[in-house]
Each structure stands twice: as structure tokens, then as C-alpha cells.
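Side chains are part of it too, since the values below use all heavy atoms of this structure and drop only hydrogens, waters and symmetry mates. The structure presented is a predicted model; accordingly, all values stated were derived computationally and were not measured.
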Amino acid sequence: MMVITILITDKGLNNALLEKTFAQPSGNVTSPLNKTQEWISQKDNVKILFTYQPERPIIDTFTKLEFNVINITNDENLKDFDARVVVTNGQRLFKFENITVRDGDFSVEYIFPDDGTHQVITRIDKGSAVQVLASFNVFVPHQAPPSLLNPFSNAPASEIESITRMITIVISFLIILVVIIMLKKGKGRKKRRQGLGYYE
């Protein structure tokens with residue numbers, strides 16, 4: 001399968017290169033679920049596994065983009081190579097450059113500014129022996145801004161339920177406390193009136 005992707009060189013946008021990458025993405029790389037995505041380059045005998053954490057990225061919060069580069073001839077991690085990562089949504093891009101990788105695993109942390117599908121492009125260079133360009137997708141779900149009715153819009157349902165339960169317990173306790181204080185004040189007034197000779 002031929003994939004045409006844009007590689008941004010370190011000279012910037014003016015010298016953007018259209019590269020033809022001959023590789024085979026394995027599995028569904030457009031899935032909105034965070035499953036491990038796989039990119040295989042038969043020419044370079046390299047497989048790249050990609051995943052990200054958290055599973056559902058949150059806007060304006062760090063997301064860890066994780067890569068595992070494997071030499072498919074011996075099924076071991078590729079050693080001692082350089083990597084570059086570009087993250088783009090088609091309108092803006094962010095580059096991580098000069099990443100030196102010793103043992104085949106590397107990661108970068110990126111803050112997604114908006115929702116939708118973002119493309120993560122990585123380039124692996126090991127001299128002239130390995131030069132791989134791979135592309136992956138990250139799906140950032142739509143996130144409604146917090147409101148007074150739902151201040152925890154990005155939290156998982158179980159977390160919202162436990163927070164709601166805790167708030168209910170605290171409010172109940174405060175109501176009971178206020179009632180007790182009011183009853184005590186009422187009894188204190190009654191005793192003072194009785195001491196002054198007022199009777200109801």
C-alpha cells in the first residue's frame with residue numbers, strides 16, 4: 001500500500017517535502033479507540049508500534065505518545081537511532097526533533113489544543129541502513145466546557161459518581177449540623193426568656 005504523507009524538514013514550511021512512504025499500516029489506524037497501532041516497513045525490516053496515554057486525550061492536558069521500534073528480522077528492539085515526531089491536525093503542526101533513542105522505546109508528551117483526529121508522523125533514521133517514515137492517528141474526543149450542572153464533564157462516569165456521592169454526604173452533614181445549631185440556639189433563647197420572667 002502506498003501512503004503519501006507530508007514530512008516537514010528542519011528548514012521549516014517553505015521547504016516541505018512530499019515523501020512517498022512504502023509501508024503497511026497494520027490494523028485500523030483510524031479507530032477512535034486507543035488500540036496499539038502498527039506500521040511495518042518491509043524495505044527497512046522495521047515495525048513501529050504506537051499508542052498514547054491517557055486513552056481518551058483531554059484538551060490542554062499532556063498526552064504521552066509512545067513508540068516501540070522493532071527490527072523484524074530478529075524481533076528485537078532497534079538500537080541506537082535518531083527519531084523525529086511531527087503532530088498535526090492539518091492546520092497547525094508541532095515538531096519534536098533530535099530524539100536520540102538507545103533501546104528502541106521512546107515517547108514524547110504533547111498537549112492537544114482541540115478535538116478531532118490528529119496525525120502523528122515519526123521518522124526513524126539509523127544511518128543509511130534504516131530511514132522509515134510512519135504515520136499514526138490520535139483521536140481526541142469532543143469535550144464540552146464544564147458547566148454549573150456538570151463541572152466534571154471530562155471525568156469518567158465512575159469518578160463522577162463517587163464525587164457526586166461525596167458531595168451529597170458533605171451537604172447532608174452540613175444540613176444536619178445547621179439544624180442542630182439552630183435547635184441549640186432556640187433552646188438557649190427560651191432559657192434566657194424564662195430567666196428574665198418571660199413565659200410563652
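- Connection of I70 to F106 is not established within any shared hydrophobic cluster, with ILVMFWY side chains joined at heavy-atom distances below 4.5 Å, either directly or through further cluster members.
- Taking every heavy atom of both residues into account, P57 and F139 meet most closely at CD-O, 3.5 Å.
- Here N137 contributes atom CG and T117 contributes atom OG1; the two are 6.0 Å apart, rounded to the nearest 0.5 Å.
- Under the ring pair (Phe, Tyr, Trp, His ring centres under 6.0 Å) criterion, F112 pairs with Y110, H118, not counting sequence neighbours.
- Within the 4.5 Å cutoff, the side chain of F96 has no heavy atoms near those of the V86 side chain.
- Residues F67 and F136 have side chains in contact (heavy-atom distance under 4.5 Å, counting atoms from C-beta outward).
- For D82, there are no salt bridge (Lys or Arg N to Asp or Glu O under 4.0 Å) partners at least two apart in sequence or on another chain.
- Interatomic distance, OG of S135 versus CD1 of I48, reported as 10.5 Å (0.5 Å rounding).
- Counting heavy atoms from C-beta on, the side chains of S107 and E109 never come closer than 4.5 Å.
- Looking at D125, its side chain never comes within 3.5 Å of a backbone N or O of G127 through a donor-acceptor pair.
- Among residues two or more places apart in sequence or in another chain, the salt bridge (Lys or Arg N to Asp or Glu O under 4.0 Å) test is passed with D114 by R92.
- Proximity of Q143 to I58: side-chain heavy atoms (C-beta onward) are separated by under 4.5 Å at one or more points.
- Among residues two or more places apart in sequence or in another chain, the salt bridge (Lys or Arg N to Asp or Glu O under 4.0 Å) test is passed with E66 by K64.
- Between V69 and N77, the closest side-chain pair of non-hydrogen atoms is not below 4.5 Å.
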Test side-chain contact (heavy atoms from CB on, under 4.5 Å) applied to L133 and I121, step by step: CA-CA 7 Å; L133 186 66; I121 303 166; 3.6 Å; yes
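- At a threshold of 4.5 Å between non-hydrogen side-chain atoms, the residues V120 and F50 count as touching.
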Full working for side-chain contact (heavy atoms from CB on, under 4.5 Å) between I72 and V46: CA-CA 5 Å; I72 56 178; V46 168; over 6 Å; no
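- With sequence neighbours excluded, the residues forming a side-chain contact (heavy atoms from CB on, under 4.5 Å) with I176 are I180, listed by chain and number.
- Note that CZ of F62 is 4.0 Å distant from CD1 of I111, once rounded to the nearest 0.5 Å.
- Closest approach of I124 and A83 over heavy atoms only: CD1-CB, 4.0 Å.
- Cluster annotation: L174 and M182 are assigned to distinct hydrophobic clusters (Ile/Leu/Val/Met/Phe/Trp/Tyr, side-chain heavy-atom contacts under 4.5 Å, transitive).
- Under a hydrophobic-cluster definition in which Ile, Leu, Val, Met, Phe, Trp and Tyr are linked whenever side-chain heavy atoms come within less than 4.5 Å, directly or via other members, V132 and L49 are assigned to different clusters.
- Ion pairing of D103 with K79 is absent here, as no side-chain N (NZ or NE/NH1/NH2) approaches a carboxylate O to less than 4.0 Å.
- Although no hydrogens or angles enter the test, the distance criterion places a donor-acceptor pair under 3.5 Å between the side chain of N71 and the main chain of T73.
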CA sep, side-chain torsions, deciding dist, call: R123, Q131, side-chain contact (heavy atoms from CB on, under 4.5 Å): CA-CA 7 Å; R123 178 161 180 148; Q131 293 181 337; 4.1 Å; yes
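- When only modelled atom types and interatomic distance are considered, D105 and N68 share a side-chain donor-acceptor pair under 3.5 Å.
- Judged by distance alone, the side chain of T122 and the main-chain N or O of R84 form a donor-acceptor pair under 3.5 Å.
- Using a 4.5 Å cut-off on side-chain heavy atoms (C-beta onward), Q53 and T51 make contact.
- Residue pairs meeting the ring pair (Phe, Tyr, Trp, His ring centres under 6.0 Å) criterion with at least one partner in residues 164-186, sequence neighbours excluded, are absent.
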From CA spacing to verdict: side-chain contact (heavy atoms from CB on, under 4.5 Å), N45, S41: CA-CA 6 Å; N45 293 317; S41 172; over 6 Å; no
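- Between V87 and L65, the closest side-chain pair of non-hydrogen atoms falls below 4.5 Å.
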